[in-house]
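The sequence lines fix the lettering, A, B, ..., with proteins before strands; numbering per chain opens at 1. No hydrogens, no waters, no symmetry mates; every other heavy atom, side chains included, goes into these values.
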Amino acid sequence: MPVLDRGLLADDAVSGARLLVGAMLVRGTGPNARVGRIVEVEAYVGREDLACHARFGQTKRNGVMFGRPGVAYVYLVYGMHNCLNVVAETDGKAAAVLIRAVEPVAGVGEMRRARTDLAAQRARNRGPAAVVAAVARIAALPAWRLASGPGLVCDAYKISRDDDGVDLCDSSSQLRLETSANAEQLELVSGARIGIDYAPEPWRSIPWRVFAAGHRSLSRGGAA
DNA sequence: GCAAAGATTTGCT
DNA sequence: GCAAATCTTTGCC
């Protein structure tokens, strides 16, 4: 499938968010390519949005968010998990769409391997038994739960700060967005964003989270 | 310079 | 259901 049209992300981030649900997140090419359908996202819109990383202006971390749309903004949260965003709106405006959940479509083995590697690495401090338990836990997961959370998407696709600034609308990028033939089959619903209790109203409750109604691959807490 | 908190996930009580 | 893990960025002295 062709890469997503950058122009679809250039206007406002909430519209961009609605267009991203149903689109495909792809890493690599050929038989080992990882492909998944995006089923849950959140829009973060500019300096005025007091839940957005841009609320303190441009910094070293969020720099790409101020640049051209269609570029990846990847940051580390809680010291351990990466989160992938798609930059939206035009140059100079700081907006992005957080990819919260993906339904794996192809490359499931690669995703599970990546999840297993990272889970084993994290459990290493707690001893060999913990590593075995962590590996077994990932092995028991159904494919549709392999990327059902913002940190898990990055784990499954091995996305890290190294991917910050990658152009997701370039067909030559290893990590990119592609269109989907039947995206319109999803029933879109919106709700308040998750994990932003630090933000004051109205930002805390504004329904800028967009997701596929009733989808089994939604993030934890993402069903409502 | 230092203290605090975070767009999360996991494991244990 | 709650707290730990873990480290970068931000905010204040």
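- Within 4.0 Å (heavy atoms only), Arg115(A) reaches sugar-phosphate atoms of the nucleic acid but no base atom.
- The CG-P distance, from Asn82(A) to dT8(B), rounds to 13 Å in whole Å.
- When distances are taken from the side chain of Met80(A) to each of dG11(B), dT6(C), dT9(C), the shortest belongs to dT6(C).
- Pair assignment for dA7(B): none, as no Watson-Crick or G-U wobble contacts are both less than 3.5 Å.
- Between Arg61(A) and Asp164(A), none of the side-chain N atoms (NZ, or NE/NH1/NH2) sits under 4.0 Å from a carboxylate O, so this pair counts as no salt bridge.
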Side chain to side chain contact (heavy atoms under 4.5 Å, CB included) evaluation trace for Trp208(A) with Trp203(A): CA-CA 9 Å; Trp208(A) 283 350; Trp203(A) 312 112; 3.9 Å; yes

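- For the pair Arg176(A) (side chain) and Ser173(A) (backbone), a donor-acceptor distance under 3.5 Å is present.
- Using a 4.0 Å heavy-atom criterion, one finds that Arg193(A) contacts no nucleic acid atom at all.
- Look at NE2 on His81(A): it is 15 Å from P on dA4(C), rounded to the nearest Å.
- For the pair Lys60(A) NZ and dC7(C) P, the computed distance is 17 Å after rounding to whole Å.
- Put simply, Asn125(A) has a side-chain N or O that comes within less than 4.0 Å of OP1 or OP2 on dT6(C).
- Taking the P atom of each, dC2(B) and dT6(C) are spaced 23 Å apart, rounded to whole Å.
- Across the protein-nucleic acid pair, Tyr75(A) atom OH and dG6(B) atom P stand 12 Å apart, rounded to whole Å.
- Distance from the side chain of Cys52(A) is smallest to dA7(B) among dG11(B), dA7(B), dC7(C).
- Within the 4.0 angstrom heavy-atom criterion, base atoms lie near Arg220(A).
- When the nucleotides dT9(C), dT9(B), dT8(C) are ranked by their closest atom to the side chain of Leu152(A), dT9(B) comes out on top.
- When the side-chain nitrogen and oxygen atoms of Arg161(A) are compared with OP1 and OP2 of dT9(C), one or more of them lie within a distance under 4.0 Å.
- The listed nucleotides are dG11(B), dA7(B), dC7(C); the one nearest the side chain of Arg126(A) is dG11(B).
- Per the geometry, CD belonging to Gln121(A) stands 16 Å off C1' belonging to dT10(B), to the nearest Å.
- Checking dG11(B), dA7(B), dT8(C) against every side-chain atom of Ala134(A), the shortest atom distance belongs to dG11(B).
- With respect to Asp155(A) and Arg122(A), a salt bridge is recorded, a charged nitrogen being found less than 4.0 Å from a carboxylate O.
- Listed pair Ser219(A) / dT8(B) fails the phosphate criterion, with no side-chain N or O lying under 4.0 Å from OP1 or OP2.
- OP1 or OP2 of dA7(B) has at least one side-chain nitrogen or oxygen of His53(A) nearer than 4.0 Å.
- Of the options Val153(A), Val102(A), Val210(A), a side chain to side chain contact (heavy atoms under 4.5 Å, CB included) to Ile38(A) is made by Val102(A) and by none of the others.
- Put simply, Tyr198(A) has a side-chain N or O that comes within less than 4.0 Å of OP1 or OP2 on dA7(B).
- Contact between the side-chain N/O atoms of Arg100(A) and the OP1/OP2 oxygens of dT8(B) is found at a separation under 4.0 Å.
- OP1 or OP2 of dT10(B) sits under 4.0 Å from a side-chain N or O of Arg137(A).
- Rounded to a whole Å, the CZ atom of Arg55(A) is 13 Å from the P atom of dA5(B).
- Side-chain N or O atoms of Asn62(A) include one that pairs as donor or acceptor with a backbone N or O of His53(A) at under 3.5 Å.
- Residue-nucleotide stacking is not present for Tyr78(A) and dA5(C), judged by a side-chain ring centre under 5.5 Å from the six-membered base ring centre and planes under 30° apart.
- Within 4.0 Å (heavy atoms only), Leu98(A) reaches at least one base atom of the nucleic acid.
- Using a 4.0 Å heavy-atom criterion, one finds that Ala51(A) contacts the bases of the nucleic acid, with or without backbone contacts as well.
- Rounded to a whole Å, the CD1 atom of Ile138(A) is 10 Å from the C1' atom of dT9(B).
- Look at Asp167(A) and Arg6(A) and you find a salt bridge, because one of the NZ, NE, NH1 or NH2 atoms lies within 4.0 Å of a carboxylate O, short of that distance.
- In this structure, CD of Glu42(A) is placed 15 Å from P of dG6(B), rounded to the nearest angstrom.
- Spacing between dG1(C) and dA7(B) at atom P, rounded to whole Å, works out to 24 Å.
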